[in-house]
Each structure stands twice: as structure tokens, then as C-alpha cells.
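Got a structure here, written out as C-alpha cells. Questions coming.
Here is the naming used below: chain letters follow the sequence lines, and residue numbers restart at 1 for every chain. This is a predicted model, so every value here is computed, not measured.
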Number of protein chains: 2
Amino acid sequence: MSQESNATPKKRGRPPSAAAQKRALEAAHEILMTEGFGRMTIEAVAARSGVGKPTIYRSWANAQELAMAALLVNRLPEAEVGGGTAQAALVAQMRGLVTAFASTRGRQITMALAAADPESEFTKAFRNRVILSSRNAGRVILEEALARGEIVPPVDMDALLDMIYGPVFFRLLVGHRPVSPEFGDAIVRTALRAVAPSGA
Amino acid sequence: MSQESNATPKKRGRPPSAAAQKRALEAAHEILMTEGFGRMTIEAVAARSGVGKPTIYRSWANAQELAMAALLVNRLPEAEVGGGTAQAALVAQMRGLVTAFASTRGRQITMALAAADPESEFTKAFRNRVILSSRNAGRVILEEALARGEIVPPVDMDALLDMIYGPVFFRLLVGHRPVSPEFGDAIVRTALRAVAPSGA
DNA sequence: TTATATTAACGTTACGTATCGTAAAGATAT
DNA sequence: ATATCTTTACGATACGTAACGTTAATATAA
């Protein structure tokens, strides 16, 4: 623990400005929430934030990636995995999810996701962190419930998870019915009835 | 019914060309399927079809509407509502749905829907005809099953329907798992187990 | 004759890139 | 120690391209 020979070769030159990135992300988020995805152009973000276009392009390849990064900053609250029944845990989580997505934010996220290159690494990271994090937490909850007999086989776990989390995005995308807390509750209740031990 | 006095006032001048519309729709559809929604620009459609831009704009307000119209031309096959158990009917319908959407077409539809103005009349028509037609047919199937006791209360019909059709679009949008026929089967099976009479 | 079709061009917006001079930080020499 | 390289990022500006949606001019078909 002494020589700096191979440890961190000390970068030269002006360091990238974290403040500039932060300002760009904030401006992007503001535009997304007030004017929508279609108006969140790189030029608009540059004008609003005072950050130069080339600086923005140095951090993000295009407007879609910047939008996803901006939507990623304020994460959704993580689900409380431990304690209680699976139903209680899922209902609590679903309440948070519905609150977070039944808003401008939810629509913007859906649009960003649909518009983005599905193969891009950025898109995959976004999906995993924003969309699938709830689903992954749900998997933990359901596997624990399965282990202690609260739910019973046959359980097609992936199908069951998509039946719980898919409807929220379906309503968000199609807009035929509102995304309400009661809706979230009904989804969880119905899904769990399909894998309940008795016919209760 | 004879005189043309107030019925059909005999249009004067050159009539709109149905052929031009058709050519534009075909070109739009081809571009959607081969190059994707992002590259289906009005100019590209005009160039490919030989129809002038102003003519295209006379029929559709923007590229989104043209895209939806093009996707609307070849409708999805309607579900066979009558006969058999609810499970058989839903599985058959879901097979068709999965086949139709587990393709370029499905992704294009999802993108068009996410990108479109949710309040536009065109968008609403598109949702009703392309997205919700399956769901509506499913409602008929399930209500008949409910009437003859094949499924039993409590049934939150809207939640149940979204649990059946939502997951398909969820997978299409997020792309975390493939949309396969087996997946469709599992969804129908699991959903019906939630409303089955006994604990079977 | 009159409404539509086609073509061409228009102004606008945003794209993504290149270049300019400046700012900030480590390296180097006095 | 302090001044001067060197390197890298910065903000500003301008560029050529692409597509937008509109308009004017001409051709064409009832």
C-alpha cells in the first residue's frame, strides 16, 4: 500500500463536469414532464440548461438515451420484500407502482421505451432498472411464498409475474381504463387466487 | 327514392383517387415492416409510392396517423366466440394473437401506439379496432362462461381481461421474454384458475 | 369548369458534427 | 514555489442534412 505505479494513473486534463451533466438531466426532466417526450430535443435541453450541445452528445448518443437517463435519475421506491404475506407485500408494492406510473411520468417512460432502440445497452439498462425492478422484487416475494406453502404449484412464475405487472403497462399504453389503486389491488388478489392452496 | 335533389348532390370536379390512397398505404406498410416506424416518413412514403406529399396530407394529418392506418388495413383475425369451453376459446384466440404480434408487426404497432397522441380520434379508433377487439371478444367469452357457471364470482371482469391481454403487450414492449404460444397458453390457464369453481 | 393530383420549392426545426477560443487540472521546468 | 506546458472538457457558433408541413404552378380527369 504505497506505490502508485499501476494504481489509478491520475488523469490529465480538465475533468468532465458532473455539474453540466446534472444540469442537462434536470432540464431534460423538466421538459419531459411539462412538454412531453416529443419536445424534449437536444437543442431545447441545451438552451434550457446552458450546457453546450457537444457536451450533451459526449454523454448521451441521442435524445432517447438522454430521456431515459433523465427518467432514471429519480428511481422508483424499491419494494419492501421482507415480512407479511405475499398478498400484503405485493399490494403494498403495487400501490407504489401505480402511484408512480399513473402520472405524466408513466406515459413518458412508456414512450421513451417504445421509441428507443430495443437492442441498445442503454435501453436494456433502463428496462432492468425502471421496469423490471418491481417485477424482480415480485419474484422474490412469490418464491418465498412458494417455499413456505402460501402459494402452491403448478406455478408458471414468469407468466404469473407478467400477469401482475403487465396489466399496469397495458392500461398505461392503451388508456382504455384508468390505472387506479383499486385496479392494482384487484390484479394482485386475482393473480394470487390462481395459485392459492385451497379453493378459498 | 328516385330524385337526386338532396340525396348525393353529384360531386363536381375530379374525384379523390382511391388508388392513390391505396398506394400510399401499401408503401407505408412496406416501410414499416422492413425499416421500422422511425424511418416511415411522409417523404419516404411519397417517394416509394409515387403519391405526392400534399395528397398524403389530405388524407392523414401526420406520419403517426398514416402508420396506424397502414397497420389497420390488414386486420387481425377475429376470435371465434361461439362453442367450446371458455378455456378452449381463449386459447384459440390467444394463439392467433400471439402469432400476429410476435412479429415485426407487433413491435411496430406498439411503437405507433406509444408515439401517437393519446387523445386523437385516430388513436382511439386504432386502439379499439386493433388492440381492444381481442379484449372485447374475450369479454364475451368470459361472460358466457360466467352465465353457465363455468367460472364463478367474484370476478372483476376488467381486471381479469387486462390480466389476460396485458402480458402480451408487456412482453412486446419490454422484451424481457419472448411472446410464444406456450406463454399465451400459460396466461389463459392461470387466469382461468383464478376464477374456477373448485380448487381443481 | 372545377376539384383533385403531381411536382417543385419554400421556410422551419432538429439533427449530429466540426471548429473555435477558453477553462481547468496534472505535469514539468525553473 | 511559481510559472509555463500539455491535455482534456467546456460553451458558443456554424455547418450540411433530413424531414417536417405548407404553398404555388401546372396537369388531369369528371
* **A:His176 versus B:Asp158, side-chain donor and acceptor atoms under 3.5 Å** =>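 The criterion, which ignores hydrogens and geometry beyond distance, is not satisfied for A:His176 and B:Asp158.
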
* To do: May I have the distance from A:Arg12 (atom CZ) to D:dT4 (atom C1'), rounded to whole angstrom?
  =>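 In whole Å, D:dT4 C1' and A:Arg12 CZ are 13 Å from each other.
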
* Base-contact (B) and sugar-phosphate-only (S) positions in nucleotides 9-22 of chain C, heavy-atom cut-off under 4.0 Å, - elsewhere -> -----SBBBB----

* **Whether B:Ser133 side chain and B:Arg129 backbone form a donor-acceptor pair below 3.5 Å** =>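 Yes, because the side chain of B:Ser133 sits within donor-acceptor range (under 3.5 Å) of the backbone of B:Arg129.
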
* Please determine if a side-chain N or O atom of A:Thr55 lies less than 4.0 Å away from the OP1 or OP2 oxygen of D:dA9. =>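 Answer is no, no contact under 4.0 Å.
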
* Classify the ring geometry between A:Phe169 and B:Phe170 as parallel (under 30°), tilted (30 to 60°) or perpendicular (over 60°). =>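 Ring orientation, 0 to 90° scale: parallel.
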
* Asked: Taking the nucleotide of DNA chain D with the closest heavy atom to each, which residue, A:Pro16 or A:Ala46, is nearer the 5' end?
  ->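 Nearest-nucleotide comparison on DNA chain D picks A:Pro16.
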
* To do: Examine distances only and state if a side-chain atom of A:Arg105 and a backbone atom of A:Leu71 form a donor-acceptor pair shorter than 3.5 Å.
  =>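 Looks like yes, one N/O pair under 3.5 Å.
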
* Which heavy atom in A:Val195 sits nearest to a heavy atom in A:Pro154, and how many Å separate them? ->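 In terms of heavy atoms, the two residues are closest at CG1-O, 4.4 Å.
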
